[in-house]
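Down below is the structure, laid out as C-alpha cells.
Heads up: numbering here begins at 1 and tracks the sequence.
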Amino acid sequence: ADGVDNIWSLDLKSGKKRWDYRTKVAPLTLASDGKKIYFNDSERIQAVDLDIGKKVFETEEMPIAKEFMMSFFGATLVIHDDVILFAGGEKLHQAWAGWGLGKEQGQDTMHAFDANTGEKLWSAPHPYGGYQSPEDLIVAQGLVWVADTAVGGHGGAWKGHHVRTG
C-alpha cells in the first residue's frame, strides 16, 4: 500500500464509476454538503467538486494529531451552513496526561473555514473532549458546542461558538 486512499463517485443507477480521486484522507474526516466533499489529508482540508471529482480548494496547513489516531483518537470535520468546522486534536491531551514537554503541552484548537472559498473564518481553543473517541464538535442552533469532558474533575461546562464568527 502506498498510503494513498481512493475516493470514488459512482452513478446510482448504473453503478459505474464516475470519477476517482487519489489522496490521503485522515480517518473520520470525510463529509459532504451535496455539492462538494471535504476531508483532511493529514495536513489541510481539501474540497472536491462532487460532479467532476476535481479539487476546488485546499485550506492552509493546520495542526492534526498524527500519532495514535487509529487506536484512541479521531479528528472531527463537520459541515454546517457553508462552514467547515474542524478539530484535529493536535496536542493529544498531553497536558493532563503528562505527555510531552513545554510547547508540546496545551489545548487543542478548532478551526472554521468558508466552505465555498476555503478562507479561514476563525480559530479558537478546543478543550479536552473526545478521550478515546473523536473530538467533540456539536452544532445546534447556529452554535458549535465544545466542552472539557475527557477528564473527570474538569467541570464539563459546554461553551457555544457562533458557527461563522466564532
Side-chain angles (χ1 to χ4, degrees), residues 1-93 108-126 129-147 149-150 160-166:
D2 59 6
V4 176
D5 300 306
N6 282 306
I7 301 171
W8 292 1
S9 173
L10 303 176
D11 182 277
L12 287 175
K13 291 181 182 174
S14 70
K16 292 183 180 179
K17 183 170 30 170
R18 295 174 49 217
W19 53 261
D20 65 66
Y21 188 82
R22 288 182 51 80
T23 186
K24 290 182 179 182
V25 179
L28 305 176
T29 67
L30 186 64
S32 178
D33 61 4
K35 301 174 280 189
K36 296 184 228 35
I37 56 171
Y38 308 88
F39 56 91
N40 184 286
D41 64 9
S42 295
E43 292 183 4
R44 58 188 48 85
I45 294 170
Q46 292 188 42
V48 175
D49 184 286
L50 272 176
D51 290 329
I52 59 173
K54 301 292 182 195
K55 186 187 319 184
V56 178
F57 65 78
E58 62 184 23
T59 65
E60 63 188 58
E61 279 194 48
M62 70 190 68
I64 183 172
K66 294 182 181 176
E67 298 176 22
F68 311 114
M69 186 178 289
M70 296 303 287
S71 62
F72 77 81
F73 168 77
T76 298
L77 188 148
V78 175
I79 306 297
H80 181 76
D81 285 346
D82 289 328
V83 176
I84 307 163
L85 300 161
F86 180 77
E90 71 273 16
K91 298 296 183 181
L92 287 173
H93 315 304
D108 299 333
T109 52
M110 60 182 172
H111 308 276
F113 298 89
D114 185 285
N116 296 305
T117 65
E119 175 188 0
K120 184 182 266 188
L121 300 173
W122 56 270
S123 292
H126 188 277
Y131 178 73
Q132 294 198 357
S133 65
E135 290 283 77
D136 293 331
L137 286 178
I138 300 169
V139 178
Q141 299 178 340
L143 301 175
V144 56
W145 294 90
V146 295
T149 58
H161 298 264
H162 188 274
V163 170
R164 184 151 290 276
T165 63

Original post:
What pairs meet the salt bridge (charged side-chain N to carboxylate O under 4.0 Å, His left out) rule with one or both residues in residues 113-124, with sequence neighbours excluded?
Top reply: Glu60-Lys120, Asp114-Arg164
Original post:
When rounded to the nearest 0.5 angstrom, what distance separates CG in Leu137 from NE2 in His126?
Top reply: 4.5 Å
Subject >> Residue of the set Leu10, Asn6, Asp11 for which side-chain contact (heavy atoms from CB on, under 4.5 Å) holds with Lys17 >> reply: Leu10
Subject >> Minimum heavy-atom distance Phe86-Met62, with the two atoms named >> reply: CD2-SD, 3.2 Å
Subject >> Over 12 foreign heavy atoms within 6.0 Å of CD1, Ile52 >> reply: yes
Original post:
Taking the side chain from Tyr38 and the backbone from Ala115, do they hold a donor-acceptor pair closer than 3.5 Å?
Top reply: yes
Subject >> Any side-chain heavy-atom pair of Phe57 and Phe113 under 4.5 Å >> reply: no
Subject >> NE2 on His111 to CG on Asn40, rounded to 0.5 Å >> reply: 9.5 Å
Original post:
Does Thr59 use its side chain to pair, donor to acceptor, with the backbone of Ile45 at less than 3.5 Å?
Top reply: yes
**OP:** Report yes if some heavy atom in the side chain of Lys35 is under 4.5 Å from a heavy atom in the side chain of Asp82; otherwise report no.
**Re:** yes
Subject >> For Asp49, salt bridge (Lys or Arg N to Asp or Glu O under 4.0 Å) partners two or more places apart >> reply: none
**OP:** To the nearest 0.5 Å, tell me how far Glu43 CD sits from Glu58 CD.
**Re:** 9.0 Å
Original post:
If you take all heavy atoms of Asp5 and Val25, which pair is closest and at what distance?
Top reply: OD2-N, 2.9 Å
Original post:
CD1/Ile7 to CD1/Ile37 distance, rounded to the nearest 0.5 angstrom?
Top reply: 4.0 Å
Subject >> Interatomic distance, Thr76 atom OG1 to Leu28 atom CG [nearest 0.5 angstrom] >> reply: 7.0 Å
Original post:
Of the non-hydrogen atoms in Lys36 and Ala47, which two are nearest, and what is the gap between them?
Top reply: CD-CB, 3.9 Å
Subject >> Over all atoms of both residues, closest heavy-atom pair of Ala75 and Thr29 >> reply: CB-CG2, 4.0 Å
**OP:** Report yes if some heavy atom in the side chain of Val146 is under 4.5 Å from a heavy atom in the side chain of Glu135; otherwise report no.
**Re:** no
Original post:
Is a side-chain donor or acceptor of Trp19 paired with a backbone partner of Leu50 at a separation under 3.5 angstrom?
Top reply: yes
**OP:** Please identify each residue that fulfils side-chain contact (heavy atoms from CB on, under 4.5 Å) with Ile138, with sequence neighbours left out.
**Re:** Trp145, Trp158
Original post:
Could you give the distance from CG (Asp51) to CZ (Arg18), rounded to the nearest 0.5 Å?
Top reply: 6.0 Å
**OP:** May I ask you to decide if Met110's main-chain N or O and Trp122's side chain share a donor-acceptor pair within less than 3.5 Å?
**Re:** no
